[in-house]
Amino acid sequence: MSKNEEFKSILKERLTEKRYIHSLNVADSAVMLAEIYGADKDKAYTAGLIHDSFKDTPAGLQLSYLLENKVPLTDIELNTAKLYHAICGAVFAEKNLGISDEDMLNAIRYHTTGRENMSLLEKIIFIADFISAERDYNGVEIMREKAVRSLDEAIVEGLSFTIKDLIDAERVVHPDTLGAYNDALFKIQQEKK
Ligand code: FE
Ligand code: FE
């Protein structure tokens, strides 16, 4: 069995049907973006496939997994349960799935918050998660158009919604999210000069 087939059977056990399909779709979108932007397609596929491996695990178990593995967490991370699954996913990929590629691990680790100075693969996974085939939120078509034109434009588009939503709901905005937003915005402005 190939590695990806092995990962699929592990994910089938861990995820709901809906999330499993999302994972396959993110992997496909990641390959599509990797082709356009010249990234490693195999890394993109696998990172996309396994990015949400902890998403359907109860938050309490996600947190204990992080504590068991002595993952350093900032106060914001500790207090934002929605962020646990990405960090768990990176630990799980390294420990249980035998992924040692730092770039893939970072792409998983930062797929929810983003961060300043994301690598090409990090950006691809971050955006693939926004545009996967089953996504049907308002504005997804604009995201899909931007994604194939400029990853930085897509990041600004996606994050401006995310950040607005977080603020409307009076929820914390992780500094890495602001870092990702500012960084992508700078890069777009630089290109226009
Ligand atoms: Fe996720
Ligand atoms: Fe996802």
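This one's a predicted model, so the numbers in the text were calculated from it and none came from an experiment. Values below: all heavy atoms of this structure, side chains included; hydrogens, waters and symmetry mates excluded. Atoms within a ligand are numbered from 1 in the order they appear, just like the ligands themselves. This chain uses plain numbering: 1 for the first residue, then up along the sequence.
Put simply, the side chain of Arg115 never gets that close to the backbone of Pro175: no donor and acceptor are under 3.5 Å apart. Of the possible polar contacts, one joining the Ser64 side chain to the Leu61 backbone as a donor-acceptor pair under 3.5 Å is found.
A cation-pi arrangement is absent between Arg135 and Phe130 under the rule of less than 6.0 angstrom and at most 45 degrees off the ring axis.
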- Before giving the answer on salt bridge (Lys or Arg N to Asp or Glu O under 4.0 Å), spell out for Asp165 and Arg171 the whole-Å C-alpha distance, their side-chain angles and the decisive distance to 0.1 Å. CA-CA 8 Å; Asp165 286 349; Arg171 287 177 45 205; over 6 Å; no

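Gly114 and Phe126 make their closest contact through N-CE1, 3.6 Å (heavy atoms, listed as atom of the first residue, atom of the second, distance).
Taking the side chain as every heavy atom from C-beta outward, Met118 and Ile155 approach each other to under 4.5 Å.
Listing protein N, O or S atoms at distances below 2.8 Å from the Fe ion (ligand 1), with waters left out, gives Asp52 OD1, His85 NE2, His111 NE2.
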